[in-house]
Amino acid sequence: MPELPEVETVKRDLIQYLPGQCIDVVRILDARVIRGIPPKKFAEELKGKTFKDISRRGKAIICKLDDGQHLIVQLMMTGQLVHAASLSKSPLKETKVIFELSNGSYLNYNDQRLFGRLSLIQKLEDFKHFAILGPEPFDASFNPKFIKESLKRRSVAVKSALMDHTFVAGIGNIYASEILFRSRINPRRRANRLKSDEIKCMHKMTLEVLDEAIRYRGSSMRNYRDGQGQKGQFNQRIKVYAREHEPCVCCHKPIIKIVQGGRSTFFCKNCQH
DNA sequence: AGGTCGACCTGGCAGC
DNA sequence: TGCTGCCAGGTCGACC
């Protein structure tokens, strides 16, 4: 799914279109994406509400409504939140929910695999997922000291730790591999065995990779699209993810792929120690 | 408590 | 052409 850079890109797109728009109609084409509330009630509750603000926490998009409620969208693996000026004549097969807005435009929720979820909650504190989420990478609280302290008790591979959202929010499979490549750290290293200078470097590279990915509007492996339905441009800057057998940009030895915690990891054995 | 694994879903693609 | 098996960006809950 979209990881932090992709979700941040979608958020920045939608913030240009949604605030001030009233939801006239909610059309639910597949009710399985609606969570924690009966779909009919979901549609009724949202009808007539106006978007006040759009924000992001981890990989979730938060739409604040004028009545104080929050529409939370988790895109998961294949979700897309796309704004469209007009309704497509033949709606995509993946379109699961259509929000008709007061200015005649539309917000479509598309999702091929139906892992994504739309929730409607009163208070953000009530949302269970946020309660367990670690700090935002760009937050000052996410710093080398915090990382060192958090990883002290974790014997898992550092790649798995980076992807653990209770440790730090927003990092998924693509960016975990990219961050470790730039940090020259072997993804198999145990998290609690990293030296202080390696932690400092990993922290710096986390911010560098995520910031660069946001500037390039994210990566599109298969399904990701931004708020306007366009692909991200970070793909050509990806150094290791999904590049098995390709030469490493530094030493030209082949990139290798391993499986950690059931997920693919890509790295250079020669450059990452 | 931390770690591991399967379940949740659909569709694209490689191999036969 | 058509089948089978494998793979995919995330999260959660059950279990050890």
Side-chain angles (χ1 to χ4, degrees), chain A residues 1-11 29-36 56-61 72-82 92-97 109-119 127-134 137 149-180 187-193 209-210 213-214 216-226 230-235 237-238 240-245 257-266:
Chain A
M1 121 161 207
E3 304 180 28
L4 186 151
E6 291 76 28
V7 179
E8 178 65 22
T9 300
V10 171
K11 183 208 89 180
L29 309 181
D30 193 322
R32 286 176 289 181
V33 297
I34 312 296
R35 303 300 172 108
R56 177 191 61 75
R57 174 81 173 99
K59 298 167 191 163
I61 291 171
I72 298 182
V73 182
Q74 291 173 278
L75 303 171
M76 301 292 244
M77 302 282 246
T78 52
Q80 305 170 347
L81 210 45
V82 180
L92 297 169
K93 195 161 87 180
E94 310 87 75
T95 300
K96 307 302 179 191
V97 181
Y109 178 72
N110 306 332
D111 197 344
Q112 181 198 89
R113 286 172 77 184
L114 292 168
F115 283 177
R117 30 183 93 160
L118 309 190
S119 314
F127 198 57
K128 241 168 110 185
H129 175 67
F130 290 157
I132 60 162
L133 220 48
E149 196 56 35
S150 304
L151 296 185
K152 226 163 62 179
R153 291 169 305 276
R154 294 181 193 243
S155 57
V156 283
V158 59
K159 155 73 161 27
S160 301
L162 271 181
M163 286 182 65
D164 180 350
H165 57 211
T166 66
F167 162 55
V168 58
I171 298 172
N173 210 26
I174 296 177
Y175 296 107
S177 280
E178 294 302 310
I179 288 164
L180 290 173
R188 285 195 271 226
R189 291 271 301 282
R190 287 177 182 271
N192 55 5
R193 299 278 179 84
V209 167
L210 295 178
I214 292 169
Y216 282 84
R217 304 184 57 78
S219 317
S220 291
M221 301 312 296
R222 295 175 182 221
N223 296 277
Y224 166 71
R225 295 294 182 274
D226 64 24
Q230 304 298 309
K231 292 187 177 190
Q233 299 303 311
F234 191 71
N235 289 51
R237 308 190 75 81
I238 286 178
V240 288
Y241 183 82
R243 295 202 184 280
E244 189 186 14
H245 306 314
K257 172 181 159 176
I258 59 172
V259 175
Q260 296 180 290
R263 317 294 301 276
S264 298
T265 300
F266 300 85

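As the structure is a prediction and not an experimental result, all values here were calculated from the model. A, B, ... follow the sequence lines: proteins, then strands. Residue 1 opens every chain.
A residue-by-residue look at A:Phe266 and A:His129 shows that A:Phe266 has its nearest nucleotide of DNA chain C further toward the 5' end. When each of A:Arg153 and A:Gly261 is assigned the nucleotide of DNA chain B bearing its nearest heavy atom, the one mapping closer to the 5' terminus is A:Arg153. Each of A:Ser160 and A:Arg113 has a nearest nucleotide on DNA chain B; the 5'-most of these lies closest to A:Ser160.
Heavy-atom contacts of chain A under 4.0 Å fall on DNA chain B between two terminal nucleotides, which in 5' to 3' order are B:dG2 to B:dG11.
Going from the P atom of B:dA1 to that of C:dT11 covers 22 Å, rounded to whole Å. The P atoms of B:dG6 and C:dC6 are separated by 14 Å, rounded to the nearest whole Å.
A side chain to side chain contact (heavy atoms under 4.5 Å, CB included) with A:Glu94 is found for exactly one of A:Leu114, A:Asn110, A:Asn223, A:Leu29, namely A:Asn110.
Rounded to the nearest 0.5 Å, atoms CG (A:Leu162) and OH (A:Tyr175) are 14.0 Å apart. Note that CD of A:Gln230 is 8.5 Å distant from CZ of A:Arg225, once rounded to the nearest 0.5 Å. Taking NZ of A:Lys159 as the reference point, atom CD1 of A:Ile171 lies at 11.5 Å (rounded to 0.5 Å). Going from atom CD of A:Glu6 over to atom CZ of A:Arg56 covers 11.0 Å, rounded to the nearest 0.5 Å. From A:Glu178, atom CD reaches atom CG of A:Leu210 across 11.0 Å, with rounding to the nearest 0.5 Å.
Between the side chains of A:Ser219 and A:Asn235, not a single donor N or O lies within less than 3.5 Å of an accepting N or O.
Residue A:Lys96 is classed as having no contact, given no heavy-atom separation below 4.0 Å to the nucleic acid. Residue-level contact check: A:Ile132 touches the backbone only, with heavy atoms under 4.0 Å from sugar-phosphate atoms and none from bases. Using a 4.0 Å heavy-atom distance criterion, A:Tyr241 is classed as a sugar-phosphate-only contact. Contact annotation for A:Asn223: base contact, defined as any heavy-atom pair under 4.0 Å involving a base atom. Note on A:Gly172: only backbone sugar-phosphate atoms sit closer than 4.0 angstrom, heavy atoms only; bases stay farther off. Across all strands shown, A:Arg32 has heavy atoms under 4.0 Å from sugar-phosphate atoms exclusively, and none from any base.
Going from atom CD of A:Glu244 over to atom C1' of C:dC6 covers 14 Å, rounded to whole Å. Between the C1' atom of C:dC7 and the CZ atom of A:Arg222 lies a distance of 6 Å, rounded to the nearest Å. For the pair A:Arg117 CZ and C:dG10 P, the computed distance is 13 Å after rounding to whole Å. At whole-Å resolution of the value, CE in A:Met77 and P in C:dC7 are 13 Å apart. Across the protein-nucleic acid pair, A:Met163 atom CE and C:dA8 atom C1' stand 12 Å apart, rounded to whole Å.
Between A:Thr78 and C:dA8 there is no side-chain polar atom (N or O) within less than 4.0 angstrom of OP1 or OP2.
Judged by distance alone, with hydrogens and angles left aside, the side-chain atoms of A:Glu244 form no donor-acceptor pair with the main-chain N or O of A:Phe266 at under 3.5 Å.
In DNA chain C, consecutive stretches of 3 or more Watson-Crick or G-U wobble pairs with both distances under 3.5 Å are given as paired ranges: B:2-8 with C:10-16, B:10-16 with C:2-8.
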Pair up each side-chain donor or acceptor in residues 163-170 of chain A with any protein partner under 3.5 Å, not counting sequence neighbours, and list the distances.
residue, atom, partner, partner atom, Å
A:Asp164, OD1, A:Thr166, N, 2.9
A:Asp164, OD1, A:Thr166, OG1, 2.8
A:Asp164, OD2, A:Arg154, NH1, 2.6
A:Asp164, OD2, A:Thr166, OG1, 3.3

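A:Arg190 and A:Ser155 make their closest contact through NH1-O, 3.0 Å (heavy atoms, listed as atom of the first residue, atom of the second, distance).
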